[in-house]
Amino acid sequence: MAAALSAPIAQFFGSFSWFWTLLIGIASGILWLCVEQTTVNGRRDWKPLTVLQILFLIFAAGIAASWSGACWITAKHTWVVPIILLALAACAAEGGCRTGARCGAVLFWFLAGMFLLLCAFALPDVKMEWLAPAPMENENTGIAVAVLLLPAAAAMLPREKKSRPWPWALGLTVGAVILSAVTVGVLSPAVAEKTEGAFFEMVRGIRIFGVAERFEAVVAAAMTLGWFCLLSLLLTVAGHMAETLYEGWGKAGVWLSAIVAGVISLWGRNAPVWPFALGALVFWCLLPTLFSRKEKNSKNFEKST
């Protein structure tokens with residue numbers, strides 16, 4: 001889940017003030033932790049709700065896939081990266097919950113180190129006067145809410161043992177704040193707010209010992225791995241939810257979700273922002289808390305594969 005959030009945070013949060021990122025992160029983290037308390041041992045949702053959740057997961061995967069190629073600015077065919085990542089993510093997700101989780105666990109440390117290193121290289125160019133809290137005027141702030149609610153989707157997966165999720169909620173919020181602060185501090189609030197993929201643009205201008213370095217390929221590769229982790233997470237959840245509807249539907253649910261998400265990815269960047277954020281709040285947080293019950297002795301997606 002942490003690896004999955006690295007790419008959308010890098011794509012969008014460079015355009016937001018660190019202060020508002022902190023507030024949104026705290027609010028989303030508290031909400032996510034509340035959802036986690038109801039799903040410690042897994043859950044079995046009301047079936048009509050499960051169907052709606054799968055449909056929204058497919059929609060979310062399509063939107064995520066559509067943005068996965070944004071960092072490859074020289075690509076002639078914008079659909080290639082999303083389709084390839086969806087196919088690879090489906091291959092990872094069809095193996096069950098553990099396989100998808102292992103992919104993220106392996107890639108997490110590389111992604112964390114890479115983004116921290118890029119932020120460290122950019123620190124000398126940060127201007128402190130540009131870090132003053134400012135009113136939130138960015139019209140796409142809804143995407144910030146939606147991104148930081150993504151961990152609530154992971155709460156739908158079964159758990160084998162109790163864990164403490166609050167350090168991860170804290171770490172994700174701190175990471176998003178650092179990325180926002182560094183990007184805005186380098187580009188200025190006015191430029192960052194109007195720049196799509198502000199973090200990527202900031203990294204392109206990094207200088208080391210006064211010499212401009214070209215980190216486009218590095219950050220593009222790191223973000224591509226992050227998008228792969230996110231798509232693996234969403235498809236794994238969709239497969240698990242399909243398995244809870246009917247035993248044996250897990251793999252078919254993964255591939256069908258990937259195919260439909262691939263179609264959605266063709267226009268996903270034009271999807272409305274606030275309805276997506278509202279859908280994440282309703283389908284991943286509020287309704288599951290109200291209508292879910294703890295899962296008892298039910299076969300999960302991992303066992304079926």
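Positions are given from 1 along the sequence.
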Treat each ILVMFWY residue as a node, draw an edge where side-chain heavy atoms are under 4.5 Å apart, and state whether [X] and [Y] are in one component.
X: I259; Y: I84; result: no
X: I143; Y: L278; result: yes
X: L86; Y: V80; result: yes
X: I30; Y: V174; result: yes
X: V263; Y: V254; result: no

Taking all non-hydrogen atoms of both residues, which atom of [X] and which atom of [Y] are closest, and how far apart?
X: A7; Y: G226; value: CB-C, 3.6 Å
X: S66; Y: R269; value: O-NE, 3.0 Å
X: A90; Y: A258; value: CB-CB, 4.0 Å
X: G142; Y: V273; value: C-CG1, 3.4 Å
X: G14; Y: V184; value: O-CG2, 3.8 Å
X: I63; Y: G268; value: CD1-O, 3.3 Å

Determine whether a donor-acceptor pair (N or O, by modelled atom type, separation under 3.5 Å) exists between the side chain of [X] and the backbone of [Y].
X: S15; Y: T195; value: yes
X: W32; Y: P151; value: yes
X: S257; Y: L235; value: no
X: Q53; Y: F283; value: yes
X: T183; Y: S180; value: no
X: S28; Y: G25; value: no

Flag the pair [X] / [Y] as yes when at least one side-chain heavy-atom distance between them is below 4.5 Å, and no otherwise.
X: T224; Y: W72; result: yes
X: E196; Y: Q11; result: yes
X: V35; Y: W284; result: no
X: L245; Y: M241; result: no
X: W255; Y: C91; result: yes
X: I83; Y: S265; result: yes
X: F12; Y: V147; result: yes
X: S68; Y: P82; result: yes

Exercise. Report the C-alpha distance between L149 and C285 in whole Å, list the side-chain angles of each, state the deciding distance to 0.1 Å, and finish with yes or no for side chain to side chain contact (heavy atoms under 4.5 Å, CB included).
Key: CA-CA 8 Å; L149 285 178; C285 299; 4.1 Å; yes
Point-to-point distance, once rounded to the nearest 0.5 Å, from [atom1] of [X] to [atom2] of [Y]:
X: W130; Y: S17; atom1: CH2; atom2: OG; result: 14.5 Å
X: K194; Y: S188; atom1: NZ; atom2: OG; result: 9.5 Å
X: L225; Y: L230; atom1: CG; atom2: CG; result: 13.0 Å
X: L187; Y: E193; atom1: CG; atom2: CD; result: 12.5 Å
X: I178; Y: T173; atom1: CD1; atom2: OG1; result: 11.0 Å
X: F121; Y: L116; atom1: CZ; atom2: CG; result: 11.5 Å

Quiz prompt | Side-chain H-bond candidate by donor/acceptor type, W249 with T244, under 3.5 Å | solution = no
Quiz item: What do you reckon, is CH2 of W166 surrounded by more than 12 foreign heavy atoms closer than 6.0 Å?
Solution: no
Exercise. Compute the ring centroids of W168 and F108, then answer whether they are less than 6.0 Å apart.
Key: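 Yes.
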Quiz prompt | F276 ring center within less than 6.0 Å of F56 ring center | solution = yes
Practice problem: Could you label the plane-to-plane angle of the F115 and F199 rings as parallel, tilted or perpendicular, counting under 30° as parallel and over 60° as perpendicular? | Solution: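 Plane angle between 30° and 60°, so tilted.
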